[in-house]
Structures are given as C-alpha cells and as structure tokens.
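Below is one structure; the comments refer to it alone.
Predicted model, so just to flag it, every value in this text is computed and none were measured.
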2 protein chains.
Amino acid sequence: MAFAGIVTYSFRMPASRPNDDERALRPQSDSPPALCTACEARHRGVCGALDGEQLAELARASHLQVIEEGAELIGDAERVESYSNVLSGVVKLTKTLPDGRQQIVGLQFAPDFLGRPFREESTIGASAATTVSLCSFPKSTVERMMREQPQLENRLLRQALDELDDAREWMVTLGRKTAAEKIASFLLMIARNIAPRAAGAGETASFDLPLTRSDIADFLGLTIETVSRQLTKLRIDGIIRIENNRRITIENVVRLAGRAGD
Amino acid sequence: MAFAGIVTYSFRMPASRPNDDERALRPQSDSPPALCTACEARHRGVCGALDGEQLAELARASHLQVIEEGAELIGDAERVESYSNVLSGVVKLTKTLPDGRQQIVGLQFAPDFLGRPFREESTIGASAATTVSLCSFPKSTVERMMREQPQLENRLLRQALDELDDAREWMVTLGRKTAAEKIASFLLMIARNIAPRAAGAGETASFDLPLTRSDIADFLGLTIETVSRQLTKLRIDGIIRIENNRRITIENVVRLAGRAGD
DNA sequence: AAACGCCATTGATTCAAGTCAACGCGGCGT
DNA sequence: ACGCCGCGTTGACTTGAATCAATGGCGTTT
C-alpha cells in the first residue's frame, strides 16, 4: 500500500509517556472508552452495535491515522488488511479503466465504515479527497466480532443497503441527466452531507467542496471544462456564489433543487 | 400493488385434494421441504442460511407467483409487504425521473433475493423483464427469522455487497464508456448470467436477451436507435449473430470482451 | 519579483450520440 | 387477407458535451 502522506498514531504504540488518548482507551469495567464516547461512529456508525467490553477490545486493537489530501488508501486489486471508520474528511472510491479513464463510484463521509468484508482483495481504489482521519482495525478482529455480535453485521448490512441506494441514485444521474442537472444534483448531495442543517431548511447553504473540478468531472462522467461551464452558468443565474475555487454558497437551495431534474 | 398479470399459487390455499406440492412442504422431522431441496435459492440463495425446521416454517408461509412479462412487481414509493426469491426469469429494477426519463439500476436473476429490508417503502420500481417466477414470503416472517438466525443476515449482507459491486461496475460503464463499449459490456454481462458456461470458456455463446431494445437503452443510458446501431455494427464486424430480435449468438467472446473497454 | 506548476476558466471547433422521420417485419384481431 | 400495432432498423440532420487551445489566478520555489 502507498503509505506516502499517511501519518499513523497507533494506540498500542509504546509511548514515551502514557498520554491522554492512551489512557482513554484502557477498558474500565465495561463502560465505553472515553475516546469512543465522543466518536460519531459510536453513535451513528458501526461501533454503535458493540457493548462496552467489545468496544474496549476493538479500541485496543485500533489506531488512528491522519491521511493527507490525495494520498491513496487502498489500491485497486490490492490485498486489504484492515477496516476503518471515517472520523473526518471525505474518502473517494474510484474505478479506473485500463486506458486511464476514471470514475468515482462513491464518497464516504464520517462516520462511514470503510472496507469490503468477504472479499480478499478490493475491486475499487480509495483515496483521500480531503485530509482524512480514520480509526482503523485489523481485518481479523472485526471479522471475529462480526461472528460474535450479530448486531455488528446488522449495522454493516444497513450501511451496505444505504450505499446501494446511493449508488443507484447516481446511476440515474449518470445515465439520464444532462450536465446541468448533474452539477445541480452534485452540489445538493454535497450540501446535504456537509451542511445538513442549511441544506434541509434554509434558503442558503455555504460549504467547501471536498473535490477538485477534476474529481467532480470523474464523479459525474463529465470533463473539467463542462463542470466549470455549468458552475459559471449557475453563478450567472444567481443560484450559487463561488467565493473561491473551493468555497461555494448556494444562494437558493430550492431553485438549485429545481435544476437537479427530480 | 399492481397484480395485473400475476398468477399466485399459495401453498397455504386449501386445495380440493392435497397435491404433491402441498405434501412436499409439510415439515417432516427437520429435513428440508422437498420443494426447497430442488430450489436454487436453497443452495446459492438466502435460504441456504436456514436449517430444516426454519426452512419448513418459511416454506409454509411462502407462496409461488408466476408473473408475466411487463408486469409491475413493486411500484416506486410503494409500501412493500413481502420479500421474494427469484426462481426464474429476470427482474428489472428501475428509477424514473418526474419527466419520464427512466434508468434501469439493476437486474435480478435466480436465485437473487428481492426486497429492501429496514425501509418501509421502496425507492425503486421492480418489474418483470421476462416471465418471472417468485417464491414470496411475508415481510414479518423474514424479519423475525433475520433476528433469530444471524446467518440469514449474513447472506443478505453478502448479496447486498455483491449488488453494490455490480452497481459500481455499472457506474463506470454509464459514466465513462462509449456507446459501443456499453453494448459490448452489456452483452457480456447477460451472457455471464444466462449462459455462464459458454461465456466463461467457450469461444461462442448463445442466449435470448431478457430485455427489449428499449430496456437495454434504459439500462445503458442510451436511445433505442443507438442500441440498434451498435448491435448492427457488432453484427457486421462478425462478433455477434442476431438470430432474431431476441436471440443473440456471440461468435467470439474474446473479441467482444476486447470491445468492452476493460 | 520573476519563473514555475497547478488548477480553473473561457473560447473555438469537432464529433458522438440524440432527435426526427421513414420504413420493414411479424403477430393478432377482425 | 387485410390493416393495425408494437418493435426494431436505417437514414438525414441537429445538438450537447468533448476536444483543442489560450489565458488567468495563486501559491511556491529560486
């Protein structure tokens, strides 16, 4: 695996002095480790399926990683030895044709679970769209817990079904929407994931795009030129404001939704 | 639900005389019901997760349905009261935009499981691409068994992950392949599902397309004219033979694969 | 501060696939 | 036998997005 740009903090690593994190992960009776209590994955993610003792055990085997923008997490057709929870940032899942054409087939936000159970090597690549922090576990530990705790498998099933719904939603976008509709749909999807409050109710929403123009093109099956042109069109029509390349403000969520084709 | 064109054989239905099927489903000790023993779903499908007693119980609650080509199984945003195994035929999963544009987001072959656990109403439509036979169960029975038998949830997870892999594979096709590559990929996928032997090893493979030109277009994000033209091109190039509208012979599987873009 | 690289935008032109239209073929009802 | 209808094919033309090419910020290096 290309570990370029990946900083790893192992909680099992012998530290010069026991730091706060280290202590936070030690199991006390069967209450959850302090670090996990504050973790999104503990509540909305797969760790919610575990009891205090299991959580402590998993936490002991886990380590945090901070991955910088652009770094590859999993190569295509690579043997994968660990699973992770996304704690922050955005991970892009990609597929590449032999001649280099690329398609982003999914985006993962906190607290999504990253990994493909029941398959030795992955059929997709994963890389950090933004700086990403992960809580990673050895494959074997997670797989043993899946057998011991059916609730965990239930969570994974729920996430897999949600991802399947998402993937099928994007199949419609890829297959049947125009470039303009694709861009509108994309902005709405990002807004809903990054700034859910604003995107749901409010008229305006402001956020940083987690993807470059090139990534957006690879996600929507377009070229960067078309992405750029459609964004300027939305800007000229007063639907979005482009603060700078990355920062976008949706001036009118309802009008944007009207251009998404559904 | 639109039951037009759906013939239902209930195994709980009081028959004028106990027929073979009826007797086959009665539980004897804990050996599997005779009907299930011969069923593909018993071996490769989700029923493989159940023991003899559970299988007998599920079989008692099940009923067979034969659905004719074109009939709708599940409407979009419809409340779904049952799950099914596909025993034969092909089910198409569709999504439709408000203005009528349609995208087929998946195809299900025997012995796939049909249904979306953990969600009250479906977000996709399902209809019979060919004549389809289903083994259907009440939602509640399956959901209880999922709780009692984690193996069942494991099977569903595996199928969901496989479907997710398929969906992502098609996202690449929809987003990044040319019309010619889309058609080649489609023919290969169908061949692998319908005539796996021939498609894998042999040089030629022969099968009936389970979809109309219009369905193929909706699956690949193309128009029927483009589908027709690309098929003609493959025929002129001697890669396929079009026996009649439905029946296709792949003259050279390797050459076809060479045109699929991957 | 000049030079470079990277990312994004904008304009001019091309082309793959869509649209519109005509026609062919086979099954079905009258 | 006839006309009709649904499905598929083929041809002529149009168009939306890709391609090719030039230019503009902006941060980093020298």
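Against DNA chain C, the stretch residues 239-248 of chain A makes heavy-atom approaches under 4.0 Å through A:N245. Remark: B:E225, B:S228, B:R229, B:T232, B:R235 in residues 224-235 of chain B come within less than 4.0 Å of DNA chain D through at least one heavy atom. Heavy-atom distances under 4.0 Å link DNA chain D to no residue of residues 88-103 of chain A. Within residues 170-183 of chain B, the residues approached by DNA chain C to less than 4.0 Å at the level of any non-hydrogen atom are B:T178, B:A179, in residue-number order. Of the residues in residues 204-214 of chain B, none has a non-hydrogen atom less than 4.0 angstrom from any atom of DNA chain C.
Every residue two or more places apart in sequence or in another chain that forms a salt bridge (charged side-chain N to carboxylate O under 4.0 Å, His left out) with A:R259 is listed here: A:D237. Here A:D76 pairs with nothing under the side chain to side chain contact (heavy atoms under 4.5 Å, CB included) rule; sequence neighbours left out.
Every pair passing ring pair (Phe, Tyr, Trp, His ring centres under 6.0 Å) that includes a residue from residues 200-220 of chain B is listed here, sequence neighbours excluded: B:W170-B:F219, B:F186-B:F219. Among residue pairs with one or both ends in residues 227-252 of chain A, none qualify as ring pair (Phe, Tyr, Trp, His ring centres under 6.0 Å); sequence neighbours excluded. For residues 192-202 of chain B, there are no side-chain hydrogen bond (donor to acceptor under 3.5 Å, both in side chains) pairs, not counting sequence neighbours.
Side chains of A:S133 and A:S88: a donor-acceptor N/O pair is present below 3.5 angstrom, by distance only.
Between A:R101 and B:E181 a salt bridge is recorded (basic side-chain N to carboxylate O distance below 4.0 Å). Looking at B:R241 and B:E251, a side-chain N of the basic residue comes within less than 4.0 Å of a carboxylate O on the acidic one, giving a salt bridge.
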Check your understanding: Passes side chain to side chain donor-acceptor pair (under 3.5 Å), B:E243 versus B:T249? Steps please.
Key -> CA-CA 7 Å; B:E243 318 282 2; B:T249 298; 2.5 Å; yes
Exercise for review: Assess whether side chain to side chain donor-acceptor pair (under 3.5 Å) is satisfied between A:T96 and A:Q102, documenting all intermediate values.
Suggested key: CA-CA 4 Å; A:T96 308; A:Q102 198 170 64; 3.3 Å; yes
Practice item. Evaluate side chain to side chain donor-acceptor pair (under 3.5 Å) for A:Q65 paired with A:S136, printing each intermediate quantity in order. Key: CA-CA 7 Å; A:Q65 290 179 290; A:S136 301; 2.8 Å; yes
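Minimum heavy-atom separation, A:D215 to A:K92: OD1-NZ, 2.8 Å. Between B:L222 and B:A179, the shortest heavy-atom contact is CD2-CB, 4.0 Å.
A 4.5 Å side-chain heavy-atom check between A:S206 and A:I248 finds every atom pair outside the cut-off. Using a 4.5 Å heavy-atom cutoff, the side chains of B:V90 and B:V132 are not in contact.
From the 5' end on, the contacts that DNA chain D makes with chain B at under 4.0 Å to a non-hydrogen atom open and close at D:dG8 to D:dA12. First and last contacts of DNA chain C with chain A, using any nucleotide atom under 4.0 Å from a protein heavy atom and ordered 5' to 3', fall at C:dA8 to C:dA12.
For B:K95 (side chain) and B:T123 (main-chain N/O), a donor-acceptor pair under 3.5 Å exists by modelled atom type. In this structure a side-chain-to-backbone donor-acceptor pair under 3.5 Å is present from B:Q159 to B:F113. The main-chain N or O of B:A160 is never found under 3.5 Å from a side-chain atom of B:E163 such that the two would form a donor-acceptor pair. Of the possible donor and acceptor atoms, one in the side chain of A:N252 sits under 3.5 Å from a partner among the backbone N and O of A:V254.
In summary, of the residues considered (B:D218, B:L174, B:D99), a side chain to side chain contact (heavy atoms under 4.5 Å, CB included) with A:R176 occurs for B:D218 alone.
B:G221 comes within contact range of the sugar-phosphate backbone alone, with a heavy-atom separation under 4.0 Å but no base atom that close.
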